[in-house]
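Just so you know, ligand 1 is whichever comes first in the structure, and atom 1 is the first atom listed for that ligand. Note that this is a predicted model, so its numbers are computed, not measured.
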Amino acid sequence: MANIIDGKLVSAKVKQEVAEQTAKLKEQGIVPGLAVIIVGDDPASRVYVNNKKKACEAVGFYSEEYAMPAATTMEQLLEVIDTLNERKDINGILCQLPLPSHLDEKAVIDRIDTSKDVDAFSPVNVGKIMIGDYDFLPCTPAGVMELLKHYDIDVCGKNCVVIGRSNIVGKPMGMLLLHQNGTVTICHSRTKNLAEICRTADILVAAVGRANFVTADMVKDGAVVIDVGMNRVDGKLCGDVAYDEVEKKASFITPVPGGVGPMTIGMLMKNTLKAAKLHNNIED
Ligand code: GUN
């Protein structure tokens, strides 16, 4: 039976640390500020945005929400971003994805001032991660690394297999594991012999977006299994890993919910705090 990796616990610890540092900044008259933009009425995005706002309140940040209608034009959205880029009291700007299909996500991300890009989605910040010289790490992969660190799971020299090659999770996940000296394989929908490759993994990260995709036959005995999936099946949240069967083989496993999910918001708080420090020339 696997040890359960408790994302709620580790996220609470991260948020506690952010809250303590925020209290110190406030003594200097600095309040970190996060602006969250949501376009349209996607119910999942609404839940995520509400949770981000709640977390801001809990750690002592100032936050603002821009809820814009689904018919918002690029001009309108870019105008909001331009205004937020100029604001001294806003340190982080996050535009919740996905955007309605008529909007150009790449152009929107590109417009956010790179020093306020707390998602670390902009090409500049992605490039900085690539060379290992970064201010912000993308929240979900950074959250996974924080979980591994908390549970003393050493990545150095391990076979790390990431399933999924998205810009938000798969690709940066591979890079962060590589920075910790893991031997990284990134698999995707065209990968041949997927199960065989997964069975070589000491650390297996599933970021596929398909419920129960990773089954026990794809997992080596004693592997660490990280489930980034957030799928809705009959209204119930479930991950990419067939938890009940994989849990019997893994040494560590993240549950869904309560694993990687809560970490994402914790890391967003960390990035926003970092942005506030950078904007005020305060050493980290
Ligand atoms: N949609 C799903 N995850 C994320 C995230 O981490 N950031 C943003 N901006 N949108 C998302």
Side-chain angles (χ1 to χ4, degrees), residues 7 11 14-15 33-56 61 63-68 70 72 77-78 80-81 84-85 90-101 103-126 129 134 136-147 164-173 175-176 205-210 226-232 237 239-240 254 256-257 259-272 274-275:
S11 173
V14 169
K15 282 189 275 188
L34 177 68
V36 181
I37 304 168
I38 176 168
V39 185
D41 41 23
D42 178 63
S45 289
R46 172 42 62 200
V47 173
Y48 297 142
V49 165
N50 287 349
N51 288 340
K52 288 169 186 178
K53 279 186 347 193
K54 267 191 228 154
C56 282
F61 290 175
S63 75
E64 272 180 10
E65 179 187 307
Y66 291 80
M68 304 179 75
T72 297
L77 183 50
L78 295 180
V80 169
I81 293 172
L84 293 168
N85 280 341
I90 295 296
N91 304 108
I93 304 169
L94 179 153
C95 184
Q96 188 66 28
L97 304 180
L99 289 171
S101 57
L103 296 173
D104 179 352
E105 282 185 359
K106 246 173 83 191
V108 169
I109 290 166
D110 246 345
R111 192 72 157 232
I112 297 172
D113 184 304
T114 55
S115 78
K116 298 190 177 187
D117 170 33
V118 285
D119 268 322
F121 286 171
S122 79
V124 168
N125 285 321
V126 172
I129 293 159
Y134 45 76
F136 309 122
L137 288 176
C139 300
T140 300
V144 171
M145 298 312 288
E146 192 75 23
L147 287 174
R165 57 173 157 179
S166 71
N167 288 329
I168 294 182
V169 182
K171 285 185 209 167
M173 187 74 251
M175 201 50 61
L176 300 194
V205 181
V208 194
R210 282 171 60 183
I226 306 290
D227 190 349
V228 182
M230 294 260 247
N231 311 293
R232 292 237 165 236
L237 191 65
D240 291 344
T254 58
V256 177
V260 175
M263 292 305 295
T264 301
I265 292 185
M267 303 320 277
L268 173 67
M269 298 298 107
K270 226 172 149 166
N271 280 348
T272 306
K274 178 100 182 257

Backbone or side chain, does any N or O of L97 fall under 3.5 Å from an N or O of ligand 1? yes

In terms of heavy-atom contacts, does CG of D41 have more than 12 from other residues, nucleotides or ligands at under 6.0 Å? no

Any nitrogen or oxygen of P98, side chain or backbone, less than 3.5 Å from one on ligand 1? no

Contact atoms of ligand 1, heavy-atom distance to L94 under 4.0 Å: 9 (N)

Would you please determine whether C95 falls within less than 4.0 Å of ligand 1 on a heavy-atom basis? yes

At what distance is the nearest protein heavy atom to atom 11 (C) of ligand 1, and which residue and atom is it? Q96 NE2, 3.3 Å

Nearest 0.5 angstrom please: K15 NZ to C56 SG, how far? 10.5 Å

Starting from atom 7 (N) of ligand 1, which protein heavy atom do you reach first, and at what distance in Å? D119 OD1, 3.0 Å

Mind running side chain to side chain contact (heavy atoms under 4.5 Å, CB included) on L97 and I168 for me, showing each step along the way? CA-CA 10 Å; L97 304 180; I168 294 182; 4.1 Å; yes

Note, P98 side chain near S45 side chain (heavy atom, < 4.5 Å): yes

R46 atom CZ, over 12 foreign heavy atoms within 6.0 Å: yes

Of all the heavy-atom pairs spanning Q96 and K52, show the shortest one and how long it is. OE1-NZ, 2.7 Å

Please confirm whether F121 approaches ligand 1 to less than 4.0 Å, judged on its heavy atoms. yes

